[in-house]
Amino acid sequence: MYVSTFLSLPSYGAFLVSPIVPADPGTFSIIEKVLLAVLIMLSVVLFWLRFGVVLDKILKSRRDPSFRLTHLGKRAWDFFSEVICQSKVIRQRPLPGLAHAFVFWAFLAFALVTTNHVATGFGLDLLGSRNRSGWVSIAFSDVYFGLAGLFAVACAISIAGLFVRRFFARPTWLARPDHELSYESGVIAGLIFALMATYLASLYVGSGPWAHGLWWAHTLCLLVFLPLVPHTKHLHLVLSPFTIFFSRGSFSAIPPLEGDEDFGLVAGKDLTQLVTLQAYSCVECGRCTEHCPANNTGKILNPKEVVLGLRSYLNDLGPASEEPLLGKYNSQEAVFECTTCGACEFQCPVGIEHLPIIVGLRRGATNTGAWEDDYGGKLFNALERNSNALGMSALERDKFVQKQELPIFDGSQEYCLWLGCMGGYDPRGREIISSFVEVMRHLGATFGVLRKEKCTGDPARRLGNDLVFQQLAEANLEALQQQKVKKIVSICPHCVRTIQEDWKEFGLPPEVEHHSEFLARHRAELPQSNSNEKVVFHDPCYLGRYRNVYDEPRSIASLAGSLVEAERSRERSFCCGAGGGLAFLGEEQGERVSHNRAQQLVATGATTIGAACPFCNTMFRDALAASGDNSPRLLDIAQIAANQIKAAQPAQVAASEN
């Protein structure tokens, strides 16, 4: 058979003259066919001996009580986008992501190549690679094998680049918990490269011994590759498509507890099928580690190690074990260092939902009394006794409401202004509320505040105290229902998230939005500054990654001048360090997350830092105070809008007098 390289063909007409097909390996003896059948069976059996164990652990884990196979359209789109198109893999790490994508696409492209290759060993020619009868068969095989060749080139280059990156560049986040390299990854990379090389070589050689030898070389690589997959991180090739399709359906969705005996993730018997599936899907890429604010500031928390710790637990003890999950396999200290910023879950390319796992481990420790922390105990007592995280008397909130002459919500106003713990009790938060009230009055919006308002329960929820959270959520839902509240607006992204999503376990909450969304709708009615000042906006985690709100707060921050972006912004924003209840847990170990982020914002050269969360505001005030007198001024977007209104008033008065 005459064979030429696809790279040298000048036109499609050449396909018919110089067919692009692998070299004909010739006929196979009976002994070779028997040997091939035995090797295939051996490879499949070795694959199943390990994969069957993993599948058994997944199926024997308890069912997730909250999982529902709904929103099939969204699931199908996520599968197409994240699995087939590799969108998240490429978008969040473009160069290595594209290399990984080419390897994956090559696997898809080689599906029929591999099927036809194996069939050839038994004398079958499924794709017309040897039997050139019929124009359709010729056209299809030429195009298909030619495209497969292109993918083989891209895959070979990509896998070589990834090998160099892992074993020579060696980014720290790719290392294993023991800081050792994954040498089996090198073996897998070598096999993938050999598969591509042998296929490409088969497009160049003619029939004869060389073609026969290449066929066997390619076959042996396939048969060695298959049983290695379930023994390595490359098991994600099989599991991650299911992990992505069977997600919980929304970002950081914390599942409800099931009955009085469910305390969270305490032991192996508490691990659900989704958690076990995700634990075995981890590709150990370290994207979660790379973006974790705790890990970046010297804490012991490493989201990758949390997931791998669960995998090790399952390998050693299984999903029916009564042994605690925290201790040997995962550190209690580590899981309570999480700010619940969501960077890990957002970055994960294989659909692992870190936050439900981490919060689940916190639940197990908190609800069983295993977590003993003075600050945590003080916080829970404050929430139970005073209904606010700061532990202050409700009279202090009443005084603030009276001083600011805030109307009480009576059902006639359009909005219920939710003060929250920070807006009702914290001096910095009160300043933001006062500015936002000025803006609402300027816009003519009708609003009122609840006479009695309790904490939404966000810190209790994230720290795993379900009893306190339930009490607060139910009390608030009842108060809102009695007042017939239809719309809520809040300055706190944490309150918005908790009301909108977490309260649904106990009732249907009213419509709620963040004040950045309210202000953005009315931006045309707000005065614009002519200043040349540089303004950098810090994306709060619970507004950006949790709610996908990025442009609205920027439109308001830009009222004060021209916007500049920090190196980490939008979905890659770096946490302020307050989330997950950590704002109330005392001093951090190592570098403070807020100081690290403040330095990133100062490095932009901006004269104003725009914020849209009272927790961020409080954290950055302390951090900027430590950076010296020349630090930028820190303003919430409500304060920026209010300042522009005040600045425009003298000009309006002068214009009216003239």
K.L.:
Counting only heavy atoms not in Gln589, do more than 12 sit closer than 6.0 Å to its CD atom?
P.N.:
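At most 12 heavy atoms, drawn from other residues, nucleotides or ligands, come within 6.0 Å of this atom.
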K.L.:
Check Lys299 with Glu333, please: is the shortest side-chain N to carboxylate O separation under 4.0 Å?
P.N.:
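Not counted as a salt bridge, because no side-chain N and carboxylate O are separated by less than 4.0 Å.
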K.L.:
Classify the side-chain pair Asn330/Tyr313 by whether it contains a donor and acceptor separated by less than 3.5 Å.
P.N.:
no
K.L.:
For Gln500 and Arg547, does a side-chain donor sit closer than 3.5 Å to a side-chain acceptor?
P.N.:
yes
K.L.:
Is the closest side-chain donor-acceptor distance between Thr219 and His117 under 3.5 Å?
P.N.:
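Short answer, yes.
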K.L.:
Looking at Arg311 and Asp316, is any side-chain nitrogen of the basic one under 4.0 Å from a carboxylate oxygen of the acidic one?
P.N.:
no
K.L.:
Is it true that Thr340 and Tyr542 share a donor-acceptor pair across their side chains at a distance under 3.5 Å?
P.N.:
yes
K.L.:
Return yes if a side-chain donor-acceptor contact under 3.5 Å exists between Asn315 and Tyr280, otherwise no.
P.N.:
yes
K.L.:
Okay, side chain of Ser321, backbone of Leu317: is any donor-acceptor separation there less than 3.5 Å?
P.N.:
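Not a single qualifying donor-acceptor pair exists.
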K.L.:
Can you tell me if CZ on Phe242 sees more than 12 non-hydrogen neighbours from other groups inside 6.0 Å?
P.N.:
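No, not enclosed.
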K.L.:
Please name the residue in the list Leu355, Leu361, Leu463 that meets the side-chain contact (heavy atoms from CB on, under 4.5 Å) test with Cys338.
P.N.:
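By the side-chain contact (heavy atoms from CB on, under 4.5 Å) criterion, Cys338 pairs with just one of Leu355, Leu361, Leu463: Leu355.
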K.L.:
Could you walk me through whether Phe336 and Trp371 pass the ring-ring contact (aromatic ring centres under 6.0 Å, His included) check?
P.N.:
CA-CA 9 Å; Phe336 279 95; Trp371 183 54; 4.1 Å; yes
K.L.:
Only one of Arg568, Arg545, Arg554, Arg597 passes salt bridge (Lys or Arg N to Asp or Glu O under 4.0 Å) with Asp539; say which it is.
P.N.:
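Among the candidates, only Arg554 passes.
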K.L.:
For Leu308, does its backbone N or O pair with a side-chain atom of Ser312 as donor and acceptor, under 3.5 Å?
P.N.:
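Yes, because the side chain of Ser312 sits within donor-acceptor range (under 3.5 Å) of the backbone of Leu308.
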K.L.:
Yes or no on ring-ring contact (aromatic ring centres under 6.0 Å, His included) for Phe225 and Phe107, after CA distance, side-chain angles and deciding distance?
P.N.:
CA-CA 12 Å; Phe225 179 84; Phe107 270 88; 5.7 Å; yes
K.L.:
Under 4.0 Å between a side-chain nitrogen and a carboxylate oxygen: does that hold for Glu323 and Lys328?
P.N.:
no
K.L.:
Pick one: which of His354, His291, Arg287 meets side-chain contact (heavy atoms from CB on, under 4.5 Å) with Pro303?
P.N.:
His354
K.L.:
Is it the case that the side chains of Asp466 and Asn367 hold a donor-acceptor pair, with the cut-off being a distance below 3.5 Å and no angle test?
P.N.:
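A pair is found: one side chain offers a donor N or O, the other an acceptor, under 3.5 Å apart.
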K.L.:
Would you call the rings of Phe51 and Phe47 parallel, tilted or perpendicular if under 30° counts as parallel and over 60° as perpendicular?
P.N.:
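Answer is parallel, since the angle falls under 30°.
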K.L.:
How about Asn302 and Thr289: does a side-chain donor come under 3.5 Å of a side-chain acceptor?
P.N.:
yes
K.L.:
In terms of side-chain heavy atoms, does Glu353 have a donor or acceptor partner in Gln278 at a distance below 3.5 Å?
P.N.:
yes
K.L.:
Does Lys74 qualify as a cation-pi partner of Phe79, given the criterion of NZ or CZ under 6.0 Å from the six-membered ring centre and within 45 degrees of its axis?
P.N.:
no
K.L.:
Could you tell me if Ser87 and Ser81 have a donor-acceptor pair between their side chains, going purely by distance under 3.5 Å?
P.N.:
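Per modelled atom types, Ser81 and Ser87 side chains form a pair under 3.5 Å.
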